[in-house]
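First up is the structure itself, then whatever we jot down about it.
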Amino acid sequence: MQQKYNPQVIERDAQKFWDEAQTFRAVETGDKPKYYCLSMFPYPSGKLHMGHVRNYTIGDVLTRYHRMKGFNVLQPMGWDAFGLPAENAAMANGVPPAKWTWDNIAYMRKQLQSLGFAIDWSRELATCSPDYYRWNQWLFLRLLEKGIAYKKTQVVNWDPVDQTVLANEQVIDGKGWRTGATVEKREIPGYYLAITKYADELLSALDTLPGWPERVKAMQANWIGKSYGVRFAFPYTLDGKAEKLWVFTTRADTIMGVTFVAVAAEHPLATQAAKYNTKLAGFIAQCKRGPVMEADLATMEKKGMPTGIFVEHPLSGEKVEVWVGNYVLMGYGEGAVMAVPAHDERDFHFAKQYGLPIRPVIDVGGQTFSTGAWQEWYADKEHGICSNSGKYNGMNHSAAVDAIAADLAAKGLGEKQLLYRLRDWGVSRQRYWGCPIPIIHCPDCGDVPVPDKDLPVVLPEDCVPDGSGNPLLKRADFVNCACPKCGKPAKRETDTMDTFVDSSWYYLRYACADNASAMVDERVNYWLPADQYIGGIEHAILHLLYSRFWSKAMRDLGLVKLDEPFKNLLTQGMVLNEIFFRKPDTGRITYYNPADVDVAVDDKGNRSGAVLRADGLPVESGGIGTMSKSKNNGVDPQALIETYGADIARFYMMFTAPPEQTLEWSDASVEGASRFLRRVWTLGYETAQRGAATALPAELPAPLAAARREIHAVLKQANYDLGRHQFNTVASAAMKMLNALEGVLKGGNSDAANAVLREGLSVLLRVLSPITPHIAHQLWRDLGYGEDILAAPWPEPDAAALVENEIELVLQVGGKKRGDLRVPRDAGKAAIEAAVLAHPEVQKFMAGQPAKKIIIVPGRLVNVVI
RNA sequence: GGGCGAGUGGUGAAAUUGGUAUACACAAGGGACUUAAAAUCCCUCGGCGCAAGCCAUACCGGUUCGAGUCCGGUCUCGCCCACCA
């Protein structure tokens with residue numbers, strides 16, 4: 001056995017052992033409970049970043065822990081391999097996206113393997129492989145048959161940099177989620193998936209997911225956005241024809257307060273009115289040019305213009321004018337709203353701006369309405385009672401809505417409606433590096449689905465995009481084909497699918513990645529749902545909502561027996577680092593990598609300044625932020641692994657912060673992790689030098705009993721912490737065990753000491769093995785515990801070791817700590833009370849007053865109330 | 001504007017149902033070993049105070065024998081959504 005800890009050699013040997021024994025190959029067997037541990041698969045961008053290391057270490061700890069706890073474990077890995085960065089890299093380097101992607105996968109796979117993750121690599125998949133994406137196409141055709149997938153022309157969000165369409169979810173603050181470019185509106189045909197048909201289930205089923213973080217569920221519920229309301233119409237006559245202007249409202253109880261109607265600039269009525277009104281046409285054009293969804297839209301000035309068209313109030317018959325308003329959204333409800341300035345803040349400001357009438361019809365606790373400034377209570381529907389509303393007077397919100405909806409229904413002018421904010425998911429992308437949409441356009445037959453026997457529609461892999469649109473358009477060999485129906489020349493669809501399609505079902509395919517004849521098989525029903533899903537919070541809405549939808553759609557096609565794909569969700573925190581920069585008077589900010597900066601501290605350990613090592617001159621601190629290229633504050637995991645080894649990197653990641661919290665990078669703390677593992681190795685070495693130990697004696701000397709008690713007490717806590725995924729304190733527990741065992745080692749060489757040492761070390765190594773598997777594997781073998789620590793059972797605390805003959809109670813007088821008291825383990829209430837009252841410190845603070853009450857918390861404390 | 005979450009030493013953080021606040025580390029300071037350095041080991045380490053002791057979990061109040069934890073209010077920060085009718 002080596003005296004010095006040598007991570008490189010140990011890790012190479014351990015990985016070779018696992019590889020040769022095919023330790024992580026998962027098999028579907030029924031004699032153990034299954035545990036499917038899934039981490040979000042990476043985009044093969046080139047090399048791993050710290051976020052990946054953290055994500056997959058969390059998954060690996062859970063995987064190895066459950067394996068030792070007796071579960072049949074699956075931990076797969078794959079590649080989210082389609083997407084724009086490959087095209088951008090291709091443009092920059094002239095390399096085809098396919099080659100770039102596959103090269104990256106090869107490199108990153110090696111990196112993952114060097115971290116020693118317990119992955120079943122036989123199930124590896126890449127979404128850019130035809131074996132995978134053919135099933136995207138196959139399922140798309142099934143969804144088309146069921147009407148879940150359909151084609152329509154719609155105003156879409158257009159990313160001018162990526163030259164592609166974005167879903168609403170992919171537009172953040174009016175900018176593309178990937179490029180940050182300001183999104184434009186465009187009208188183009190594309191394929192859509194009717195996720196809205198599942199809106200209700202996607203919302204209500206959130207209640208069946210107790211293992212998901214509340215905030216993720218809140219974000220999804222918010223995104224689905226369910227509203228109960230009334231859809232109704234304002235009748236009118238235009239060019240001699242009877243028409244209806246439909247609106248949606250959640251405040252039908254305020255209907256008698258309507259003083260005008262507002263429509264969106266894109267509304268057909270606005271278009272019609274603008275035909276003979278050039279001023280209005282100009283205003284509409286200006287609105288359409290305006291920002292799509294800017295963050296300050298909410299505070300933007302309310303602008304509008306009358307259309308000159310009057311409609312009839314459906315209940316009072318009164319004439320009200322229709323206005324075009326820049327605050328009305330075409331995409332929600334009917335693109336038109338009834339305006340009740342007295343009880344809606346937006347309508348209120350609009351009415352005041354244009355001098356429109358304001359008519360209060362809701363009474364809230366007799367407060368007096370005034371048109372001066374908007375008051376919160378004007379919109380209070382909880383406490384509002386209808387007034388000035390004829391037959392509805394005196395009704396509360398829900399009674400009035402019911403009565404008004406009934407009256408509207410009787411006239412054939414409306415009904416109650418459930419409305420969702422969620423929109424259907426547009427999946428067409430005008431990009432090359434994605435899954436081809438399996439459709440052929442025939443001049444005679446129209447849009448014809450590619451027959452199943454012709455799948456997959458293979459994407460040519462040798463294209464090099466040049467930035468001038470989709471290169472597939474120039475590929476005659478791809479585009480030109482025969483119509484499957486009539487056989488005449490036809491053109492293939494060149495749009496590809498949104499990459500979120502690829503990632504919506506990959507977790508199913510891991511269960512049956514080798515099946516060449518079906519998308520899924522019975523094995524999916526064995527492994528799914530995933531017992532644990534781990535990934536970044538940034539996927540709280542997009543990926544997780546699409547995946548839930550996709551698996552429900554597959555369930556309804558009879559392909560899987562599955563309501564929800566992910567039973568438990570862990571959203572890991574980001575990895576942060578310090579930011580240092582200089583800002584010259586002229587010119588741009590330069591960011592300096594923290595590794596190149598020396599931080600000075602004063603003698604109290606407080607930071608006193610930072611200088612760039614290269615020139616010794618000061619740099620400014622920009623605080624702490626996510627590791628990113630733009631802030632030049634990234635740390636390359638490869639350097640970390642090469643310098644310290646996988647175990648130290650993994651231990652550092654787990655020890656520094658709980659998994660869900662942000663993790664601040666610290667070189668000094670990495671050094672601390674390294675010191676700890678060196679000490680563990682030394683302890684193992686010293687213990688091995690002492691040779692085989694005898695069995696634990698029945699009676700141990702006090703210091704050894706105390707050390708053994710410490711080990712088992714800490715183990716008990718560690719097991720509890722593992723159960724709640726608080727791995728930082730599990731790492732702390734390992735440190736405490738090491739401290740106790742080093743004490744035993746220093747305490748002398750005896751049979752009893754060696755027995756305690758041997759037992760304690762076997763506990764320590766097993767607790768450590770999910771976090772630092774390589775060193776645990778090697779020491780387990782070197783100390784002769786067995787062939788493979790992974791085959792050992794997870795340690796459980798020995799109740800006998802925890803028993804103490806004497807326990808220490810904390811003494812309190814009036815809730816303040818005043819001393820300690822040692823009493824026999826089985827001391828009765830009376831004996832404790834007598835001992836406490838006789839205690840000098842207690843007597844001193846009681847100052848002769850009688851004890852009103854003595855509270856005894858068994859095994860913990862005694863509080864004397866005076 | 002709406003929703004969710006968080007504020008504990010110089011730093012990362014701990015404290016399971018209310019029961020010894022600051023575990024475990026990092027940094028810092030002192031010491032041992034060494035020709036020296038690294039490594040390693042030992043000691044100190046919330047604040048004030050000579051001490052007894054007092055004060056400290058963002059701030060103010062409440063409940064309780066006892067509050068970091070529960071309740072009410074305030075402030076600050078972070079994230080998500082946002083003219084959604």
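Just so it is clear, the values below take in all heavy atoms, side chains as well, and ignore hydrogens, waters and symmetry mates. Below, read A as the first sequence line, B as the second, and so on, with proteins coming before strands; counting in each chain starts at 1.
Within the shown strands, G7(B) is the pairing partner of C75(B) under the Watson-Crick or G-U definition, both distances less than 3.5 Å. When both pairing distances are held under 3.5 Å, U69(B) makes no Watson-Crick or G-U pair with any nucleotide shown. Under the Watson-Crick and G-U wobble criteria, each requiring two contacts below 3.5 Å, nucleotide C41(B) is paired to G31(B). Figure legend. A51(B) is base-paired to no nucleotide; pairs are counted as Watson-Crick or G-U wobble with both atom distances under 3.5 Å. U22(B) is unpaired under the Watson-Crick or G-U wobble criterion, no partner having all donor-acceptor distances under 3.5 Å.
Checking G12(B), C26(B), A23(B) against every side-chain atom of Glu664(A), the shortest atom distance belongs to G12(B). Listed nucleotides C83(B), U16(B), G12(B) differ in distance to Phe655(A); the shortest reach to its side chain belongs to G12(B). Here the nucleotide nearest the side chain of Asp344(A), chosen from C83(B), A85(B), C24(B), is A85(B). Listed nucleotides C55(B), U20(B), C24(B) differ in distance to Lys816(A); the shortest reach to its side chain belongs to C55(B). For Arg215(A), taking side-chain heavy atoms from C-beta onward, the closest of the listed nucleotides C4(B), A82(B), A23(B) is C4(B). Each of C65(B), A23(B), A13(B) was ranked by its minimum atom distance to the side chain of Lys736(A); first place goes to A23(B). Relative to the side chain of Ala218(A), the nucleotides C80(B), A14(B), G3(B) differ in distance, and G3(B) lies closest. Comparing atom distances between the Arg423(A) side chain and each of C84(B), G12(B), C24(B) picks out C84(B) as nearest.
Look at Lys844(A) and you'll find a side-chain N or O under 4.0 angstrom from OP1 or OP2 of G53(B). In this model, the phosphate group of A85(B) is not approached by any side-chain N or O of Arg421(A) to a distance below 4.0 Å at OP1 or OP2. Note on Arg678(A): a side-chain N or O is less than 4.0 Å away from OP1 or OP2 of U40(B). Within the structure, every side-chain polar atom (N or O) of Lys303(A) is placed at least 4.0 Å from both OP1 and OP2 of C83(B). Phosphate contact (OP1/OP2 of A15(B), side-chain N/O of Arg724(A), threshold under 4.0 Å): present. Distances shown here put a side-chain N or O of Asn739(A) below 4.0 Å from the OP1 or OP2 atom of A25(B). For the OP1/OP2 pair of C84(B) and a distance below 4.0 Å, the side-chain nitrogens and oxygens of Arg346(A) include at least one atom meeting the criterion. Under 4.0 angstrom from either OP1 or OP2 of A13(B) there lies at least one side-chain N or O belonging to Gln661(A). Under 4.0 angstrom from either OP1 or OP2 of A85(B) there lies at least one side-chain N or O belonging to Tyr332(A). One finds no side-chain N or O of Asn222(A) lying less than 4.0 angstrom from the OP1 or OP2 phosphate oxygen of C4(B).
An anti orientation is assigned to G47(B), its glycosidic angle lying beyond 90° of 0.
Within 4.0 Å (heavy atoms only), Phe845(A) reaches sugar-phosphate atoms of the nucleic acid but no base atom. In this structure, Gln726(A) reaches the sugar-phosphate backbone alone: every heavy-atom distance under 4.0 Å involves primed, P, OP1 or OP2 atoms, never a base. Asn863(A) comes within contact range of at least one nucleobase, with a heavy-atom separation under 4.0 Å. Within 4.0 Å (heavy atoms only), Arg231(A) reaches no atom of the nucleic acid at all. No engagement by Lys226(A) is indicated, since no non-hydrogen atom pair under 4.0 Å with the nucleic acid exists. If you check every strand for non-hydrogen atoms under 4.0 Å, Ser227(A) touches sugar and phosphate atoms only. Val864(A) comes within 4.0 angstrom of no nucleic acid atom, judged by non-hydrogen atoms across all strands. Using a 4.0 Å heavy-atom criterion, one finds that Thr249(A) contacts the sugar-phosphate atoms exclusively.
Between Phe234(A) and His313(A), the angle of the ring planes goes over 60°, which puts this pair in the perpendicular group of the 30/60° scheme. In this pair, Phe350(A) and Tyr354(A) present their aromatic rings tilted. The plane angle is within the 30 to 60° band. Aromatic ring pairs are classed by plane angle as parallel below 30°, tilted from 30° to 60° and perpendicular above 60°; the pair Trp374(A) and Tyr378(A) is perpendicular.
In terms of heavy atoms, Ser227(A) sits closest to Thr250(A) at CB-CG2, 4.1 Å.
C71(B) and C83(B) are spaced 33 Å apart, taking the P atom of each and rounding to whole Å. When the C1' atom is used for both G10(B) and A28(B), the distance is 8 Å, rounded to whole Å. The separation of G62(B) from A67(B), taken at their P atoms, amounts to 12 Å, rounded to a whole angstrom. Only the P atoms considered, U69(B) is 12 Å distant from G18(B), to the nearest whole Å. One P atom belongs to G3(B), the other to U8(B), and the distance between them is 25 Å to the nearest Å. Straight-line distance between the P atoms of A58(B) and U76(B): roughly 16 Å, to the nearest whole Å. Taking atom C1' on both C65(B) and G29(B), the two are 42 Å apart, rounded to the nearest angstrom. Rounded to the nearest Å, the gap between the C1' atom of A15(B) and that of G68(B) is 9 Å.
Looking at Lys852(A), its side chain has no donor and acceptor atom pair within 3.5 Å of the base of C65(B).
Along RNA chain B, the nucleotide closest to Ile537(A) and the one closest to Leu861(A) are compared, and the more 5′ of them pairs with Leu861(A). Nearer the 5' end of RNA chain B, as judged by each residue's closest nucleotide, is the contact made by Glu214(A), out of Glu214(A) and Ala657(A).
Between the P atom of C4(B) and the CD atom of Glu538(A) lies a distance of 22 Å, rounded to the nearest Å. What separates CD of Gln220(A) from C1' of C80(B) is a distance of 12 Å, to the nearest Å. Per the geometry, CZ belonging to Arg251(A) stands 11 Å off P belonging to A85(B), to the nearest Å. Atom-to-atom, CD of Gln417(A) to C1' of A85(B) comes out at 12 Å; the value is rounded to the nearest Å.
Side-chain N/O atoms of Thr682(A) and Arg678(A) include no donor and acceptor closer than 3.5 Å. For the residue pair Tyr644(A) / Glu671(A), a side-chain donor-acceptor distance below 3.5 Å is found, with atom types taken as modelled.
Cation-pi check for Arg346(A) over Tyr327(A) is not met; the charged atom does not lie both under 6.0 angstrom from the ring centroid and within 45 degrees of its normal.
Using a 4.5 Å heavy-atom cutoff, the side chains of Arg679(A) and Leu738(A) are in contact.
Ion pair Glu710(A)/Lys736(A) not flagged as a salt bridge, since none of the NZ, NE, NH1 or NH2 atoms sits closer than 4.0 Å to an Asp/Glu carboxylate oxygen.
In this structure, OH in Tyr5(A) is found 4.5 Å from CG in Asp647(A), a value given to the nearest 0.5 Å.
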